[in-house]
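Take a look at the structure below.
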Amino acid sequence: MSPRRTETGGRIDRLRTIRFTFDGAPYTGHAGDTLASALLANGVTLFGRSFKYHRPRGLLAAGVEEPNALVTVLRGEVREPNIAATMVEIYDGLVAVSQNRTPSLAWDIGALNQLGGKILSAGFYYKTFMGPVVGPLKGTRFWMFCEHFIRRAAGLGKAGTAHDPARYERMNAFCDVLVVGSGPAGLMAAKAAADQGARVILADLEANFGGSANWSGETIDGMHAADWAQRAVGQLEGNDNVRLLPRTTVWGYYDGNTLAALERVTDHKEVAAKGEPRQRYWAIRAGTVVLATGSFERPLVFPGNDRPGVMLAHAAERYAVEYGVLPGQRIALFTNNDSAYRSAVALKKAGAAVVAIIDVRADVSNEMRRLASDAEAELLAGHAVVATEGGKALTGLKVQRFDATGGALSGDERSIHADSLLMSGGWSPTIHLASQVGAKAEWDPARQAFLPPKPTQRRPNQQWIGAGAFTGSFSTAEAIAEGRAAGLQAAGGAASSAPLPVVEAAPGDPDPAPVFEIKAKGKSFVDFQHDVTAEDVRLAHREGFVSVEHLKRYTTLGMATDQGKNSNVPGLAIMAEALGKPIPEVGTTRFRPPYTAVSIGSLAAERFGDLKPERLTPMHDWHLANGARMYSAGLWYRPMIYGLAGETVEQTYVREARATRDSAGIVDVSTLGKIAVQGPDAAEFLDRVYTNMFSTLAVGKARYGLMLREDGLAFDDGTTWRLGEQDFLMTTTTANAGKVMQHLEYFLDVIWPELKVTVTSVTDEWAGAAIGGPNARAILASCVTGTAVDNAILPFMGIVHGRIAGVPVMICRLSFSGEMAFEVYSGAGYGTRVWEALIEAGKPFGLVTYGLEALGTMRIEKGHVTGAEIDGRTTARDLHLDWMLSKKKPFIGSAMMDREGLIGSDRLELVGVIALDNRALNGGGHIVEELDEANPHDSLGHITACCYSPALGKYIALALVEGGKARHGTRAFVSDPLRNRFGPVEIVSNHFFDPDGSRMHG
Amino acid sequence: MLITCPYCGPRDVIEFTYQGDGNRERPQPASQNLDAWNAYVYDRLNPAGDHNEIWQHSGGCRAHLRVVRNTVTHEILSTAFARGGHKTEGRS
Ligand SMILES: [Zn+2]
């Protein structure tokens, strides 16, 4: 038997032993244990090292608010850091390690920081490292020197680098009533709403529903509260209109009553069941939200309050009642309110000796005095703890007389021998979700807590109702009444006068004494996770920080992974005292999502990896079967090269491009954006959209067009085919298809609704193949029926209709490669059939298939632009496309394109670049004037696209270079220090090859 | 945030694309008034409160909507087709 495990009690299954390791050492626990309860049962007191001073830390809490006991859980290669041990359910084979210690938890060299505690006070980083460089080791330069060491020492767990193989899921859910929290208030609300027929979701971040009923030791309707809760859950389970979500943290509350929740589906399992994701992200749209999120017990701030063995009172009660684990054998309690007396009685009942109850209040009620004597505890009213003793575990504490009104200590210190000190500094409602949607918390001087606003003060688009401790009603009887009322109201039901479940509970006044801190010598911690002391808060005040927001940033109070769940109110109270202002005037900060840490995997859910959408052209399978190496372009997959055995990428594209220019090549162009522009005003619309004229285009002809943005910069280019008087087929670049569509729709819908035009995306309706080269026409002639393809019938930019392999096709004679070339379009479903027929017809001519690399090579040789040059910064003039700017009509961008900054002679213009050292150039390499490899300076521009040109036998590139045309024929240097490339280049025209177009005109 | 499309009904904001300040006025196409063009292309109102915006139901019917939205509370006060007609009033 574990040293601290009780004989009976709790919801653990003592017959089931679970084996796990912590920091490499084997331990056992029981089914139902958390890592925290199992280690505590094994006598482990030291769980972690603190963030800044590396002080030994034990468990403070039993739930989600735990600031100290953060661990890293390892699953194979995957490591998940910074999980509270209190939220890890143990399973066979669990491997967990502690954090922030070197070399081990027990012997930590970083603990030396404690000796230099003064140096590491609030604002240490700002003061020491920011500002001017004075000496050799001051200011920013000193920071650069120290950063490496400090970053390694100050920090939490390390994130892993291994690929996370887990699967995550996203779920959309709709309900009439979402109940957050499943304590007595939440259970009553869910039941009441469900009985009204409402669709209800009940979510709780714990593994077991019931909340405080699981450990309060109270009686509801004559049975143990825990049993009552289980019965209530059982009743809900049977309802079709109720969805129960245990292990589900509602972490975000957004406008329109949209909530985000994270369900930990398999984190507690040794092996996930088939099909189960690791975690599930729930996007919940709720009619009304019932917030029954309970409250957090606050620590008291006194010297040594962070020593392992000092714990929140209710947490100890939970460990004893829920898990059958005693945090110590000789327990002392330190409180400013009544709730700790119930904890004392519970721990006594569970078998611990309660040696003393130290109460800051001199005036303790008779009821509490009775509870103290039930616990057989010495009551020290009007006393306070001023010190704790022990190293990695508590051995004792010192108390002194205390005046709760003035905070003065008096009399002799008295030592008390104890191995566990439980503290209660009052309770703070868990108002985070309400705060996220903008509810302004109000300070309640009686409860000494921020309470959510009353319903009347809420805004109309956040429909929530609070119940139970969330509203500051800390008794179970109130929680039950408020829960039922909230459930009925949320479901639209009438208030009920039926009798409520009867609660038998220990008495107690919910209002604590307004005492947050005992000022005595020694470090008194406010924020345990970020190591912020009461003195740090006062120091911030002395240095002039008066706003609570500034205080937070300067001291980092409440900014760790626990987001100040324990520390917020004590920190504010100490700040308020320093300022000499009441707490409500100091104000509180607004909570923001997420409530707890959320895995990035759950946010991405299915939208990556195997389940990322893919766009495949109709000929995709043919490409794969014929040796294509595919390249992902946006969501599309396109052949990059069709490599032969033993070829490099460069050898392949050079072969493909050369064969195309020698005979013929064919490429899949199905990915080009295609938009049907139709209607009586289609031609007029295109005249407005393109810089050049389309109304003058004859039916059966195509024209190359350029679009600008409203600001006058180049936007997209492509050919548009006039298929009928009112029927155009526009093509766009692959990358811009969506943007162009949206651009056209915007103008038709918002700017020119009077134009009778419809635009339809038909990209996926057509398969496209571009066939080019000296023999392209002969190949077409041998397989096309129903039309001739000679120069008379099919001139440059002409369109004909015919058939290939019996399939209707549309053929347009246009060229991107600079060769005599044709684009053959067919219905997408027949794409492969037409493609195969073209391949077959090309065999006698040595037709090659080519991919994106060869396509790019031939376009660079021709000096055509793509998205690399139309990069959102270039104008039509920069790209030498000013011949396309019509002077006869206004068009989108025409008014703005001649602005001063867009027509200067210092703009980057499109040029060609030839490597004079016969070495490859790189995209992104800079062009510089001076031969200064070590210190390249004064960039003239940069390379946008590069290749080896088989037509020129040289490495060439397109570039955007200052001065542009004026530099043709001059020499410069390419500088690419990241890739160690420096060398001489010649700047030439971007039209490297066949500049007069004789090849494509034939 | 929910936006009520006059065609499709209330839909999640994820289906929509923000298309900018709905108060901008495009000068006549042939206008040479550079100040007016400059204001149209670059100036945006940024009120803390009710704002007239253009949204496209890009993941639905693709209509452009004129949406009056409170930028502080994200309340949608009204939606209507940008080309006119079918106005949906009322806070949501
Ligand atoms: Zn719609």
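Predicted model only: the values in this text are computed from it and were never measured. Below, chain A is the first sequence line, B the second, and so on; all start at residue 1.
Among the residues in residues 31-42 of chain B, those with a non-hydrogen atom closer than 4.5 angstrom to a non-hydrogen atom of chain A are B:Ser31, B:Leu34, B:Trp37, B:Asn38, B:Tyr40, B:Val41, B:Tyr42. Using a 4.5 Å cut-off between non-hydrogen atoms, the part of residues 52-60 of chain B that approaches chain A consists of B:Ile54, B:Gln56, B:Ser58.
Using a 4.5 Å cut-off between heavy atoms, B:Arg26 touches chain A through its side chain atoms alone.
With chain B as the partner, the residue from A:Arg709, A:Arg688, A:Lys889, A:Met896 showing the most heavy-atom pairs under 4.5 Å is A:Met896.
In this structure, B:Tyr18 places its OH atom where more than 12 heavy-atom neighbours from other residues, nucleotides or ligands lie under 6.0 Å away. The number of heavy atoms from other shown groups lying within 6.0 Å of CD (B:Glu25) does not exceed 12.
Here the shortest heavy-atom pairing between B:Thr17 and A:Gln742 reads OG1-NE2, 3.5 Å. Of all heavy-atom pairs between B:Pro29 and A:Pro890, the closest is O-CB, 3.3 Å.
Looking at A:Asp749, its side chain does come within 3.5 Å of a backbone N or O of B:His64 through a donor-acceptor pair. No donor-acceptor pair closer than 3.5 Å links the side chain of B:Arg66 to the backbone N or O of A:Val750.
A:Tyr254 contributes atom OH, which lies 14.0 Å from atom CE of B:Met1 (distance to the nearest 0.5 angstrom).
Using a 4.0 Å cut-off between charged nitrogen and carboxylate oxygen, B:Asp12 and A:Arg285 count as a salt-bridge pair.
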